[in-house]
Amino acid sequence: MTDPYRERRERVLASLGDACLVLPSAPVHIRNNDVEHEYRQDSDFYYLTGFDEPSSVLVLRAEAPRVVLFVRPRDPERETWDGLRAGVDGAKALGADEAFPISELAAELPKLLENSSRLYYRLGHDRGFDDRVLAALDVVRGRAKLGKWWPVQIVEPATLVHEMRSIKSEHELGLLRRAMEISAEAHLAAMAKTRPGCYEYEIEALLRSIFRKHGAERPAYEPIVGSGPNATILHHRKNDRRMNEGEVLLIDAGCEYGYYAADITRTFPVSGRFSPAQRELYEVVLEAQRASIAATCPGATLDDVHAASVRVLTDGMVRLGLLAEPASEAIEKQTYKRYYMHRTSHWLGMDVHDVGPYFDRGKARPLCAGQVLTIEPGLYVRADDGDAPAQFRGIGIRIEDDVLVTADGCEVLSEAVPKTVADIERATAS
Ligand code: GLY
Ligand code: MN
Ligand code: MN
């Protein structure tokens with residue numbers, strides 16, 4: 001198999017011209033005192049290297065050495081505490097033409113920047129690292145009188161790398177599909193296990209254990225397990241409530257597998273049967289989701305996908321007595337946002353809210369085959385909403401699937417998780 005990281009670097013190199021690119025790894029974050037947060041590599045860095053160690057820097061340049069890595073050197077004492085390091089030799093084995101210990105960055109980086117006209121570097125993201133890059137630029141500038149030239153422009157690397165990341169290769173789709181399979185199994189298990197009297201954290205623990213059991217590195221984001229009124233809190237995270245008979249449970253959870261994220265939401269009745277009011281809201285959200293999926297194809301935009309959901313949801317709000325004004329007016333004045341306050345889609349990939357442009361000079365970009373997005377309409381009626389019909393208060397519904405744009409439409413990657421009322425009631429009863 002060709003090395004996907006080498007192939008991606010070659011594509012970047014082919015677009016660089018006589019520019020160079022400098023990309024640091026993600027920093028380590030201290031959790032408290034001597035304890036670090038779990039380390040997760042920067043997605044761009046991993047996309048181009050497949051290397052997951054901190055304190056690393058990738059440099060790509062037009063002239064040899066074209067691929068340079070700075071890494072932590074081997075260190076038997078530190079490795080006893082923190083685990084093995086690839087070291088300089090390991091970095092070369094990854095495909096670097098040259099590799100250096102990270103301690104040599106200040107001495108080597110100016111040489112690597114020499115004779116490039118532009119520098120692709122993400123200025124402003126990591127001020128500490130900005131200083132190191134700017135110091136290196138200052139050194140090269142000082143050598144101008146020796147006949148060297150230096151990067152006179154700093155360019156946002158997203159213009160290259162995020163464009164590439166927004167179209168998924170077969171290799172990436174394979175990882176995404178596996179993330180979907182594992183996450184689907186976790187959602188099904190949660191449906192089967194949930195009972196009145198369960199705590200949200202018990203279901204969270206079940207989801208996490210299934211992710212890990214299959215080798216997923218971690219959840220792609222903190223799982224949201226919201227029962228009863230917590231289902232109306234979009235980013236509910238405490239997951240500490242005891243569930244009652246007659247409530248719905250909203251689970252928004254997906255794993256990260258091989259650095260690729262699933263992002264799936266299902267809402268189902270804690271006791272296995274939707275109440276009439278829950279079902280009425282649910283059917284509206286499901287119809288909205290279907291309308292958005294039907295609107296997803298090359299050439300359409302995320303605005304079109306969103307508008308399809310807004311139309312169905314707003315019609316539903318009017319029909320169910322949540323809004324008094326006609327749907328057209330509610331859409332024009334955006335009063336529907338009281339019950340549907342978020343967008344319908346975001347890009348999905350290595351990051352759960354993946355990179356990639358949404359707009360081109362303010363205009364929504366047309367979808368292309370190979371892009372992956374979520375479709376996640378919802379309706380959220382707060383428990384204290386005195387204007388809403390009483391039967392709907394305290395109910396939150398979201399249905400979220402992950403969708404690949406194909407040549408002639410789209411494919412729902414997460415369709416293994418039940419979502420019709422009948423299929424959900426069957427899955428919760430099993
Ligand atoms: N789970 C985060 C989101 O749906 O955007
Ligand atoms: Mn989600
Ligand atoms: Mn999402």
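For clarity, every value in this text was computed on a predicted model and none was experimentally measured. When a ligand or atom number is given, it counts from 1 through the structure's own listing order.
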Assess the residue pair V22 and Y120 against the criterion (side chain to side chain contact (heavy atoms under 4.5 Å, CB included)); give the C-alpha distance rounded to whole Å, side-chain angles, the decisive distance to 0.1 Å, and a yes or no.
CA-CA 6 Å; V22 173; Y120 281 84; over 6 Å; no

Could you go step by step and tell me if E247 and R241 meet the salt bridge (charged side-chain N to carboxylate O under 4.0 Å, His left out) rule?
CA-CA 12 Å; E247 295 174 343; R241 184 175 175 278; 2.7 Å; yes

For the Mn ion (ligand 2), which N, O or S atom of E400 is at the shortest distance?
OE1

Any ion pair linking E181 and R178 (charged N to carboxylate O, less than 4.0 Å)?
yes

Using a strict threshold of under 4.0 Å (side-chain N to carboxylate O), is an ion pair present between E376 and R343?
no

Under 4.0 Å from any heavy atom of [X], which atoms of ligand 1 are there?
X: H353; answer: 2 (C), 3 (C), 5 (O)
X: E400; answer: 4 (O)
X: E376; answer: 3 (C), 4 (O), 5 (O)

Contact flag H346/the Mn ion (ligand 3), N/O/S atoms, threshold under 2.8 Å
yes

Answer yes or no for D252: is there an N/O/S atom below the 2.8 Å cut-off from the Mn ion (ligand 3)?
no

Minimum heavy-atom separation for D385 and R338, please, with both atom names.
OD1-NH2, 2.8 Å

Between ligand 1 and V352, can you find any atom pair, the residue atom being a heavy atom, that is separated by under 4.0 Å?
no

Looking only at protein heavy atoms, identify the closest one to atom 3 (C) of ligand 1 and say how far it is in Å.
D263 OD2, 3.3 Å

Mind telling me whether Y340 and Y336 have parallel, tilted or perpendicular rings, with 30° and 60° as the class edges?
tilted

Could you label the plane-to-plane angle of the Y46 and Y259 rings as parallel, tilted or perpendicular, counting under 30° as parallel and over 60° as perpendicular?
parallel

Taking just the N, O or S atoms of E376, which one is nearest to the Mn ion (ligand 3)?
OE2

To the Mn ion (ligand 3), the closest N, O or S atom belonging to D263 is OD2

Gap between atom CG of D401 and atom CD1 of I264 - 0.5 Å precision:
7.0 Å

Would D252 count as a polar contact of ligand 1, with the cut-off being nitrogen or oxygen pairs under 3.5 Å?
yes

